[in-house]
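Some notes on the structure that comes next.
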Amino acid sequence: MVTILRNCRNAMKPGGKFLIIEPLVGPANEPIWGKMQDFTMLIAFEDGMKRTSEEYAELLAEAGLKLDHVQEISPETAIVLSEAV
């Protein structure tokens with residue numbers, strides 16, 4: 001995933017924005033659809049997983065991007081907005 005994000009970062013112009021739209025995993029005791037998808041991806045794909053907003057911040061930083069904002073658009077989906085660093 002980091003390789004894909006780095007390639008996107010390298011193709012971006014300065015000040016460019018990058019959106020990721022997908023479910024986020026919430027706190028441990030909070031029921032949320034993303035947790036079921038996370039479990040399914042763990043079983044179906046070796047490295048598949050859903051992430052928390054904190055995990056996205058780390059992943060984006062590793063790729064040279066900065067987490068700017070997370071906007072929940074439904075209980076199942078969020079938009080993660082990042083920008084080039």
Side-chain angles (χ1 to χ4, degrees):
M1 179 80 162
V2 174
T3 302
I4 293 168
L5 291 172
R6 278 190 188 129
N7 289 338
C8 292
R9 167 60 184 102
N10 292 336
M12 292 170 70
K13 294 180 181 180
K17 304 285 185 185
F18 187 80
L19 297 175
I20 300 170
I21 302 172
E22 76 169 56
L24 294 179
V25 177
N29 293 326
E30 185 178 306
I32 195 163
W33 177 246
K35 290 180 185 175
M36 181 54 108
Q37 288 183 323
D38 184 42
F39 184 69
T40 302
M41 289 189 66
L42 180 63
I43 293 169
F45 306 102
E46 185 176 324
D47 293 329
M49 64 182 287
K50 297 294 178 190
R51 294 173 173 83
T52 64
S53 56
E54 292 82 13
E55 290 170 327
Y56 266 113
E58 292 173 16
L59 185 66
L60 291 165
E62 202 174 328
L65 297 161
K66 179 181 81 165
L67 180 68
D68 184 48
H69 182 73
V70 175
Q71 178 65 49
E72 186 176 308
I73 57 175
S74 77
E76 296 88 24
T77 308
I79 297 173
V80 179
L81 174 64
S82 62
E83 58 186 51
V85 183

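Just so you know, these numbers use all the heavy atoms, side chains as well, and skip hydrogens, waters and symmetry mates.
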Side chain to side chain, Gln71 and Leu81, heavy atoms closer than 4.5 Å: no
Nearest-0.5 Å distance that lies between atom CE in Met12 and atom CG in Leu65: 5.5 Å
Heavy-atom pair with the smallest gap, counting every atom of Ala84 and Gly15: CB-N, 4.5 Å
Spacing of CG belonging to Leu5 relative to CD1 belonging to Ile20, to within rounding of 0.5 Å: 5.5 Å
Backbone N/O of Thr52 and side chain of Glu55: donor-acceptor pair under 3.5 Å: yes
ILVMFWY cluster, Tyr56 and Val2 together (side-chain gap under 4.5 Å): yes
Side chain Arg9, main chain Val85, donor-acceptor under 3.5 Å: yes
Nearest heavy atoms of Ser53 and Leu67, plus distance in Å: O-CD2, 3.7 Å
Nearest-0.5 Å distance that lies between atom CD in Glu22 and atom CD1 in Ile79: 12.0 Å
